[in-house]
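One structure is given below, encoded as C-alpha coordinates.
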Amino acid sequence: MSINANDPSKKSWINTPENSDFPIQNIPFGVFLTRDDIITIGTRIGDTAIDLGAMHQLGYFEGIPLTDDIFLQDTLNDFISDGKKTWRLVRNRISEVFDINNETLQQNEDHKNIILFTLNEIEMQLPVHIGDYTDFYSSREHATNVGSMFRDPENALMPNWLHIPVGYHGRSSTIIPSGVPIHRPLGQTLPKGAEKPIFGPSRLVDFELEMAFITTDANSMGEPIPISEAEDYIFGMVLFNDWSARDIQKWEYVPLGPFLAKSFASSISPWIVTLDALEPFRTKSPLQDPKPLPYLQQEGNHSFDIHLEVDIVTHEGNRTTVSKSNFKYMYWTMSQQLAHHTVNGCKINSGDMMGSGTISGPTPDSYGSMLELAWQGTKPVALNDGTERKFIQDNDTVVIKGYCMAKGQRIGFGEVSTKLLPVFE
Ligand code: CA
(Lines give C-alpha, C1' and ligand atoms only; values in the text may rest on other atoms or scores of the structure.)
Protein backbone atom coordinates (compact mmCIF):
# COMPACT_ATOMS: atom_id res chain seq x y z
CA MET A 1 0.00 0.00 0.00
CA SER A 2 1.43 3.36 -0.94
CA ILE A 3 1.81 6.21 1.50
CA ASN A 4 -0.31 8.83 -0.31
CA ALA A 5 -0.16 11.01 2.79
CA ASN A 6 3.52 11.76 2.07
CA ASP A 7 2.83 13.41 -1.33
CA PRO A 8 4.97 16.59 -1.12
CA SER A 9 2.70 18.51 -3.52
CA LYS A 10 -0.35 18.12 -1.27
CA LYS A 11 -1.80 21.22 0.40
CA SER A 12 -4.36 21.43 3.18
CA TRP A 13 -7.36 23.70 3.58
CA ILE A 14 -6.18 24.17 7.14
CA ASN A 15 -3.85 27.12 7.36
CA THR A 16 -0.28 25.91 7.88
CA PRO A 17 2.31 28.54 8.87
CA GLU A 18 5.52 28.57 6.84
CA ASN A 19 8.18 26.33 8.42
CA SER A 20 5.56 24.54 10.49
CA ASP A 21 6.64 21.14 11.82
CA PHE A 22 3.11 19.91 11.06
CA PRO A 23 2.20 20.29 7.38
CA ILE A 24 -0.37 17.86 5.94
CA GLN A 25 2.52 15.49 5.11
CA ASN A 26 3.22 14.89 8.82
CA ILE A 27 -0.06 13.73 10.44
CA PRO A 28 1.37 12.69 13.82
CA PHE A 29 -0.68 11.03 16.56
CA GLY A 30 -1.23 12.23 20.11
CA VAL A 31 -3.71 12.30 22.98
CA PHE A 32 -5.28 15.50 24.26
CA LEU A 33 -7.79 16.85 26.70
CA THR A 34 -10.34 19.12 24.97
CA ARG A 35 -11.98 22.33 26.23
CA ASP A 36 -14.95 20.14 27.25
CA ASP A 37 -12.69 17.98 29.46
CA ILE A 38 -12.89 15.04 27.09
CA ILE A 39 -9.81 12.94 26.40
CA THR A 40 -9.39 11.92 22.78
CA ILE A 41 -6.84 10.72 20.28
CA GLY A 42 -5.94 13.35 17.75
CA THR A 43 -3.64 14.66 15.09
CA ARG A 44 -2.43 18.10 14.13
CA ILE A 45 -2.11 20.17 10.95
CA GLY A 46 -0.40 23.53 11.33
CA ASP A 47 -1.64 24.95 14.62
CA THR A 48 -4.97 23.13 14.51
CA ALA A 49 -5.63 20.03 16.60
CA ILE A 50 -7.97 17.47 15.10
CA ASP A 51 -10.19 15.20 17.20
CA LEU A 52 -10.02 11.76 15.58
CA GLY A 53 -12.64 10.35 17.98
CA ALA A 54 -15.15 12.91 16.70
CA MET A 55 -14.13 12.34 13.08
CA HIS A 56 -14.69 8.60 13.49
CA GLN A 57 -18.13 9.12 15.10
CA LEU A 58 -19.09 11.40 12.21
CA GLY A 59 -18.17 8.70 9.69
CA TYR A 60 -14.95 10.05 8.20
CA PHE A 61 -13.14 6.71 8.60
CA GLU A 62 -15.87 4.66 6.91
CA GLY A 63 -14.46 1.62 5.11
CA ILE A 64 -11.46 1.29 7.41
CA PRO A 65 -11.79 -1.61 9.87
CA LEU A 66 -11.68 0.22 13.22
CA THR A 67 -13.59 -0.48 16.43
CA ASP A 68 -16.07 2.29 17.37
CA ASP A 69 -14.09 3.48 20.37
CA ILE A 70 -10.59 3.12 18.93
CA PHE A 71 -9.93 6.90 19.17
CA LEU A 72 -12.05 7.55 22.27
CA GLN A 73 -9.28 6.42 24.55
CA ASP A 74 -6.71 8.00 26.79
CA THR A 75 -3.80 6.19 25.11
CA LEU A 76 -2.80 5.14 21.60
CA ASN A 77 -1.91 1.57 22.65
CA ASP A 78 -4.95 -0.16 21.07
CA PHE A 79 -4.64 1.80 17.84
CA ILE A 80 -0.93 0.99 17.69
CA SER A 81 -1.82 -2.70 18.22
CA ASP A 82 -3.92 -2.58 15.03
CA GLY A 83 -0.66 -2.60 13.08
CA LYS A 84 1.06 -0.81 10.26
CA LYS A 85 -1.61 -1.45 7.63
CA THR A 86 -4.25 0.33 9.74
CA TRP A 87 -1.94 3.21 10.70
CA ARG A 88 -1.30 3.77 7.01
CA LEU A 89 -4.99 3.62 6.02
CA VAL A 90 -5.90 6.12 8.75
CA ARG A 91 -3.07 8.49 7.89
CA ASN A 92 -3.96 8.35 4.19
CA ARG A 93 -7.64 9.04 5.00
CA ILE A 94 -6.82 12.05 7.20
CA SER A 95 -4.66 13.33 4.39
CA GLU A 96 -7.61 13.01 1.95
CA VAL A 97 -10.14 14.69 4.24
CA PHE A 98 -7.89 17.71 4.84
CA ASP A 99 -6.67 17.99 1.22
CA ILE A 100 -7.43 21.45 -0.17
CA ASN A 101 -9.36 19.85 -3.05
CA ASN A 102 -11.72 17.94 -0.74
CA GLU A 103 -14.77 19.98 0.25
CA THR A 104 -16.65 17.44 2.40
CA LEU A 105 -15.49 18.54 5.85
CA GLN A 106 -14.12 21.83 4.56
CA GLN A 107 -17.69 23.02 3.82
CA ASN A 108 -19.34 21.49 6.89
CA GLU A 109 -19.25 24.16 9.62
CA ASP A 110 -21.09 21.99 12.18
CA HIS A 111 -18.61 19.15 11.83
CA LYS A 112 -15.64 21.52 11.87
CA ASN A 113 -16.88 22.99 15.17
CA ILE A 114 -16.86 19.51 16.68
CA ILE A 115 -13.60 18.23 15.19
CA LEU A 116 -11.18 21.18 15.15
CA PHE A 117 -9.50 22.88 18.09
CA THR A 118 -6.97 25.65 18.43
CA LEU A 119 -3.88 24.63 20.39
CA ASN A 120 -4.85 26.75 23.40
CA GLU A 121 -8.13 24.84 23.69
CA ILE A 122 -6.36 21.54 24.31
CA GLU A 123 -3.88 20.07 26.74
CA MET A 124 -1.50 17.43 25.43
CA GLN A 125 -1.23 14.21 27.44
CA LEU A 126 1.22 11.32 27.44
CA PRO A 127 0.37 9.64 24.10
CA VAL A 128 0.85 6.02 25.16
CA HIS A 129 0.75 3.91 28.28
CA ILE A 130 4.42 2.97 28.38
CA GLY A 131 4.64 -0.52 29.85
CA ASP A 132 8.36 -0.89 29.43
CA TYR A 133 11.06 1.63 28.68
CA THR A 134 14.54 0.71 27.51
CA ASP A 135 17.35 3.18 26.99
CA PHE A 136 20.19 2.43 24.60
CA TYR A 137 23.67 3.96 24.46
CA SER A 138 24.11 4.01 20.71
CA SER A 139 26.02 7.19 19.82
CA ARG A 140 29.68 6.39 19.35
CA GLU A 141 30.66 10.01 19.94
CA HIS A 142 28.74 10.13 23.24
CA ALA A 143 30.09 6.79 24.47
CA THR A 144 33.61 7.87 23.53
CA ASN A 145 33.28 11.23 25.29
CA VAL A 146 31.88 9.71 28.48
CA GLY A 147 34.40 6.85 28.42
CA SER A 148 37.24 9.37 28.01
CA MET A 149 36.05 11.41 30.98
CA PHE A 150 35.13 8.61 33.38
CA ARG A 151 37.76 6.05 32.45
CA ASP A 152 40.55 6.38 29.90
CA PRO A 153 40.75 8.28 26.57
CA GLU A 154 42.86 5.45 25.14
CA ASN A 155 40.19 2.85 25.86
CA ALA A 156 37.09 5.01 25.89
CA LEU A 157 34.77 2.40 24.35
CA MET A 158 34.12 -0.76 26.35
CA PRO A 159 35.16 -3.95 24.50
CA ASN A 160 31.51 -4.86 23.85
CA TRP A 161 30.42 -1.49 22.47
CA LEU A 162 31.13 -2.06 18.76
CA HIS A 163 29.41 -5.47 18.89
CA ILE A 164 26.26 -4.85 20.97
CA PRO A 165 23.73 -2.00 20.96
CA VAL A 166 24.24 -1.56 24.70
CA GLY A 167 21.13 -0.68 26.72
CA TYR A 168 19.45 -0.93 30.11
CA HIS A 169 15.89 -1.22 31.36
CA GLY A 170 14.63 2.12 32.60
CA ARG A 171 11.66 3.25 34.59
CA SER A 172 8.44 4.08 32.72
CA SER A 173 6.51 5.51 35.70
CA THR A 174 8.35 8.84 35.58
CA ILE A 175 8.10 9.54 31.85
CA ILE A 176 6.19 12.78 31.38
CA PRO A 177 4.98 14.87 28.44
CA SER A 178 6.43 18.23 27.48
CA GLY A 179 5.41 21.10 29.77
CA VAL A 180 5.37 19.21 33.07
CA PRO A 181 8.06 20.65 35.40
CA ILE A 182 10.36 18.41 37.43
CA HIS A 183 12.26 18.83 40.70
CA ARG A 184 15.97 18.59 41.33
CA PRO A 185 16.46 15.08 42.78
CA LEU A 186 17.96 14.13 46.11
CA GLY A 187 20.42 11.30 46.39
CA GLN A 188 23.75 9.86 47.48
CA THR A 189 26.93 11.24 46.02
CA LEU A 190 30.62 10.83 46.77
CA PRO A 191 32.27 14.26 46.85
CA LYS A 192 35.68 14.48 45.18
CA GLY A 193 38.37 13.15 47.52
CA ALA A 194 35.86 11.98 50.13
CA GLU A 195 35.83 8.44 51.46
CA LYS A 196 32.18 8.29 52.44
CA PRO A 197 29.08 9.39 50.53
CA ILE A 198 26.81 12.27 51.52
CA PHE A 199 23.07 12.73 51.02
CA GLY A 200 21.53 15.86 49.50
CA PRO A 201 20.36 17.56 46.30
CA SER A 202 22.13 16.50 43.13
CA ARG A 203 24.48 19.31 42.12
CA LEU A 204 25.04 18.07 38.59
CA VAL A 205 21.61 17.83 36.91
CA ASP A 206 21.92 17.35 33.16
CA PHE A 207 19.77 16.80 30.09
CA GLU A 208 20.34 14.07 27.51
CA LEU A 209 19.38 14.88 23.93
CA GLU A 210 17.71 11.70 22.69
CA MET A 211 14.95 10.42 20.49
CA ALA A 212 12.77 7.43 21.30
CA PHE A 213 10.75 5.00 19.22
CA ILE A 214 7.45 3.45 20.16
CA THR A 215 6.64 -0.15 19.24
CA THR A 216 3.57 -2.22 18.50
CA ASP A 217 3.03 -5.77 19.83
CA ALA A 218 5.77 -7.44 17.92
CA ASN A 219 6.39 -11.00 19.04
CA SER A 220 5.52 -13.79 21.39
CA MET A 221 7.82 -14.53 24.29
CA GLY A 222 10.70 -16.63 23.00
CA GLU A 223 10.42 -15.35 19.44
CA PRO A 224 13.16 -12.99 18.19
CA ILE A 225 12.23 -10.22 15.72
CA PRO A 226 14.41 -10.59 12.61
CA ILE A 227 16.23 -7.40 11.73
CA SER A 228 14.60 -7.37 8.27
CA GLU A 229 11.14 -7.02 9.90
CA ALA A 230 12.03 -4.76 12.81
CA GLU A 231 10.91 -1.49 11.20
CA ASP A 232 7.40 -2.88 10.63
CA TYR A 233 6.93 -2.93 14.40
CA ILE A 234 7.99 0.67 14.99
CA PHE A 235 4.98 3.00 15.13
CA GLY A 236 6.86 6.27 15.34
CA MET A 237 9.27 8.53 17.14
CA VAL A 238 9.32 11.33 19.70
CA LEU A 239 11.92 13.73 21.09
CA PHE A 240 13.22 12.50 24.41
CA ASN A 241 15.05 14.24 27.26
CA ASP A 242 16.53 11.64 29.56
CA TRP A 243 17.19 13.80 32.63
CA SER A 244 20.32 12.66 34.46
CA ALA A 245 21.95 13.45 37.80
CA ARG A 246 25.64 13.01 37.01
CA ASP A 247 26.95 13.00 40.59
CA ILE A 248 24.42 10.37 41.68
CA GLN A 249 25.19 8.41 38.49
CA LYS A 250 28.95 8.41 39.08
CA TRP A 251 28.61 6.93 42.57
CA GLU A 252 25.87 4.37 41.87
CA TYR A 253 26.47 3.05 38.35
CA VAL A 254 29.02 0.31 39.06
CA PRO A 255 28.37 -2.55 38.35
CA LEU A 256 24.71 -2.56 37.19
CA GLY A 257 24.42 0.77 35.40
CA PRO A 258 22.22 3.82 35.98
CA PHE A 259 19.51 3.62 38.65
CA LEU A 260 18.25 6.65 40.62
CA ALA A 261 20.38 9.03 38.54
CA LYS A 262 17.94 8.54 35.66
CA SER A 263 14.64 7.39 37.09
CA PHE A 264 13.54 10.73 38.60
CA ALA A 265 12.26 12.05 35.23
CA SER A 266 12.36 11.65 31.46
CA SER A 267 10.34 13.94 29.17
CA ILE A 268 8.93 13.33 25.68
CA SER A 269 7.39 15.46 22.95
CA PRO A 270 3.65 14.72 22.84
CA TRP A 271 3.12 14.09 19.10
CA ILE A 272 4.34 10.73 17.79
CA VAL A 273 5.64 11.20 14.25
CA THR A 274 5.11 7.94 12.35
CA LEU A 275 7.94 6.07 10.69
CA ASP A 276 5.82 6.34 7.52
CA ALA A 277 5.99 10.15 7.66
CA LEU A 278 9.78 9.96 8.06
CA GLU A 279 10.23 7.82 4.90
CA PRO A 280 11.38 10.74 2.68
CA PHE A 281 14.16 11.51 5.14
CA ARG A 282 15.86 8.12 5.25
CA THR A 283 19.63 8.18 5.23
CA LYS A 284 22.64 5.96 5.86
CA SER A 285 23.93 5.30 9.33
CA PRO A 286 27.71 5.37 10.03
CA LEU A 287 29.81 2.55 8.56
CA GLN A 288 30.07 -0.27 11.08
CA ASP A 289 33.55 -1.67 11.53
CA PRO A 290 33.93 -4.37 12.76
CA LYS A 291 30.97 -5.87 10.94
CA PRO A 292 28.30 -6.83 13.48
CA LEU A 293 27.22 -10.45 13.98
CA PRO A 294 24.78 -11.76 11.32
CA TYR A 295 21.57 -11.11 13.35
CA LEU A 296 22.51 -7.41 13.41
CA GLN A 297 23.53 -7.04 9.76
CA GLN A 298 21.41 -5.00 7.35
CA GLU A 299 21.71 -3.31 3.96
CA GLY A 300 20.33 0.02 2.82
CA ASN A 301 19.31 3.24 4.57
CA HIS A 302 17.98 2.61 8.05
CA SER A 303 18.63 5.92 9.74
CA PHE A 304 16.81 9.25 9.40
CA ASP A 305 18.13 12.76 8.83
CA ILE A 306 16.59 14.58 11.78
CA HIS A 307 18.06 17.92 12.86
CA LEU A 308 18.08 18.28 16.62
CA GLU A 309 18.78 21.22 18.87
CA VAL A 310 18.78 22.04 22.54
CA ASP A 311 17.96 25.43 24.06
CA ILE A 312 18.39 26.54 27.64
CA VAL A 313 15.85 29.19 28.66
CA THR A 314 16.70 31.00 31.89
CA HIS A 315 14.20 31.94 34.60
CA GLU A 316 14.13 35.44 33.09
CA GLY A 317 13.29 34.04 29.65
CA ASN A 318 16.68 34.45 27.97
CA ARG A 319 17.18 31.70 25.38
CA THR A 320 20.45 30.14 24.15
CA THR A 321 20.90 27.25 21.72
CA VAL A 322 23.60 25.12 23.35
CA SER A 323 23.70 22.13 20.97
CA LYS A 324 22.90 21.19 17.38
CA SER A 325 23.04 17.50 16.57
CA ASN A 326 21.38 15.01 14.22
CA PHE A 327 19.74 11.61 14.68
CA LYS A 328 21.79 10.27 11.74
CA TYR A 329 24.95 10.23 13.89
CA MET A 330 23.62 7.18 15.74
CA TYR A 331 25.97 4.22 15.24
CA TRP A 332 23.32 1.56 15.88
CA THR A 333 19.98 1.84 14.05
CA MET A 334 16.53 1.39 15.59
CA SER A 335 16.10 -1.92 13.73
CA GLN A 336 19.39 -3.18 15.12
CA GLN A 337 18.32 -2.12 18.60
CA LEU A 338 14.97 -3.91 18.29
CA ALA A 339 16.49 -7.06 16.76
CA HIS A 340 19.06 -7.16 19.54
CA HIS A 341 16.48 -6.46 22.25
CA THR A 342 14.42 -9.50 21.21
CA VAL A 343 17.15 -11.92 20.13
CA ASN A 344 16.94 -13.66 23.52
CA GLY A 345 13.15 -14.00 23.25
CA CYS A 346 12.23 -10.84 25.19
CA LYS A 347 8.64 -9.82 24.42
CA ILE A 348 7.86 -6.34 23.10
CA ASN A 349 4.42 -4.80 23.73
CA SER A 350 2.36 -2.04 22.16
CA GLY A 351 3.47 1.28 23.61
CA ASP A 352 6.92 0.19 24.71
CA MET A 353 9.44 2.97 24.39
CA MET A 354 13.08 2.67 23.36
CA GLY A 355 15.43 5.61 23.90
CA SER A 356 18.28 6.08 21.46
CA GLY A 357 20.83 7.11 24.03
CA THR A 358 22.35 10.59 24.03
CA ILE A 359 22.90 11.75 20.45
CA SER A 360 26.25 13.51 20.23
CA GLY A 361 27.74 14.58 16.91
CA PRO A 362 31.40 14.80 15.95
CA THR A 363 32.00 18.46 16.90
CA PRO A 364 31.94 20.00 20.41
CA ASP A 365 28.89 22.15 19.55
CA SER A 366 26.94 18.99 18.65
CA TYR A 367 27.31 17.16 21.96
CA GLY A 368 24.06 16.00 23.50
CA SER A 369 24.58 16.70 27.21
CA MET A 370 26.03 19.40 29.46
CA LEU A 371 28.49 16.80 30.76
CA GLU A 372 30.08 16.81 27.31
CA LEU A 373 29.36 20.41 26.22
CA ALA A 374 31.02 21.80 29.36
CA TRP A 375 33.43 18.83 29.49
CA GLN A 376 32.82 17.86 33.12
CA GLY A 377 32.63 21.48 34.18
CA THR A 378 36.03 22.45 32.75
CA LYS A 379 34.60 24.46 29.80
CA PRO A 380 31.49 26.29 31.01
CA VAL A 381 28.92 27.03 28.31
CA ALA A 382 28.27 30.77 27.77
CA LEU A 383 24.63 31.82 27.63
CA ASN A 384 23.31 34.86 25.77
CA ASP A 385 22.56 36.74 28.99
CA GLY A 386 26.27 36.72 29.99
CA THR A 387 25.95 33.93 32.56
CA GLU A 388 27.41 30.49 32.09
CA ARG A 389 26.38 26.91 32.83
CA LYS A 390 28.28 23.77 33.73
CA PHE A 391 25.04 21.90 34.38
CA ILE A 392 21.35 22.88 34.61
CA GLN A 393 20.35 25.40 37.29
CA ASP A 394 17.09 25.59 39.22
CA ASN A 395 14.38 27.33 37.18
CA ASP A 396 16.16 26.75 33.85
CA THR A 397 13.96 25.27 31.13
CA VAL A 398 15.50 22.80 28.67
CA VAL A 399 13.85 22.71 25.23
CA ILE A 400 14.66 20.06 22.62
CA LYS A 401 13.43 20.56 19.06
CA GLY A 402 13.71 18.31 16.01
CA TYR A 403 12.78 18.47 12.34
CA CYS A 404 13.56 16.93 8.96
CA MET A 405 14.15 18.96 5.83
CA ALA A 406 14.65 17.72 2.27
CA LYS A 407 13.83 19.19 -1.12
CA GLY A 408 12.01 22.11 0.50
CA GLN A 409 9.80 19.73 2.47
CA ARG A 410 9.82 20.00 6.25
CA ILE A 411 8.20 17.88 8.90
CA GLY A 412 9.05 18.01 12.57
CA PHE A 413 8.40 16.91 16.09
CA GLY A 414 7.58 20.22 17.75
CA GLU A 415 9.40 20.32 21.06
CA VAL A 416 9.86 18.82 24.48
CA SER A 417 10.18 21.56 27.05
CA THR A 418 10.80 20.90 30.76
CA LYS A 419 11.52 23.30 33.62
CA LEU A 420 13.81 22.19 36.45
CA LEU A 421 12.40 23.37 39.78
CA PRO A 422 14.32 23.38 43.08
CA VAL A 423 14.27 20.31 45.35
CA PHE A 424 10.74 19.26 46.29
CA GLU A 425 9.74 20.52 49.75
CA1 CA B 1 20.09 8.12 28.38
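Both counts, for ligands and for their atoms, begin at 1 and track the order of listing. Start at 1 with the first residue, then count along the sequence. These numbers come from the heavy atoms of this one structure, side chains and all, not from hydrogens, waters or symmetry mates. Keep in mind that what you see is a predicted model, and the values were worked out from it rather than measured.
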Worksheet item: Going by an N to O cut-off under 4.0 Å, is there a salt bridge joining D311 and R319?
Response: yes
Practice prompt. Could you give me a count of protein N/O/S atoms that are under 3.0 Å from the Ca ion (ligand 1)?
Written response: 4
Worksheet entry | Among V273, V128, V90, side-chain contact (heavy atoms from CB on, under 4.5 Å) partner for F29 | V90
Discussion item. Under a 3.5 Å threshold, yes or no: a donor from one side chain and an acceptor from the other, between S244 and Q249?
Written reply: no
Worksheet item: Less than 4.0 Å between a side-chain N and a carboxylate O, is that true for K401 and D21?
Response: no
Worksheet item: For the ring pair H169 and H341, is the centre-to-centre distance below 6.0 Å?
Response: yes
Discussion item. Looking at P28, is its backbone amide N or carbonyl O close enough to the side chain of T43 to form a donor-acceptor pair, meaning the two atoms are under 3.5 Å apart?
Written reply: yes
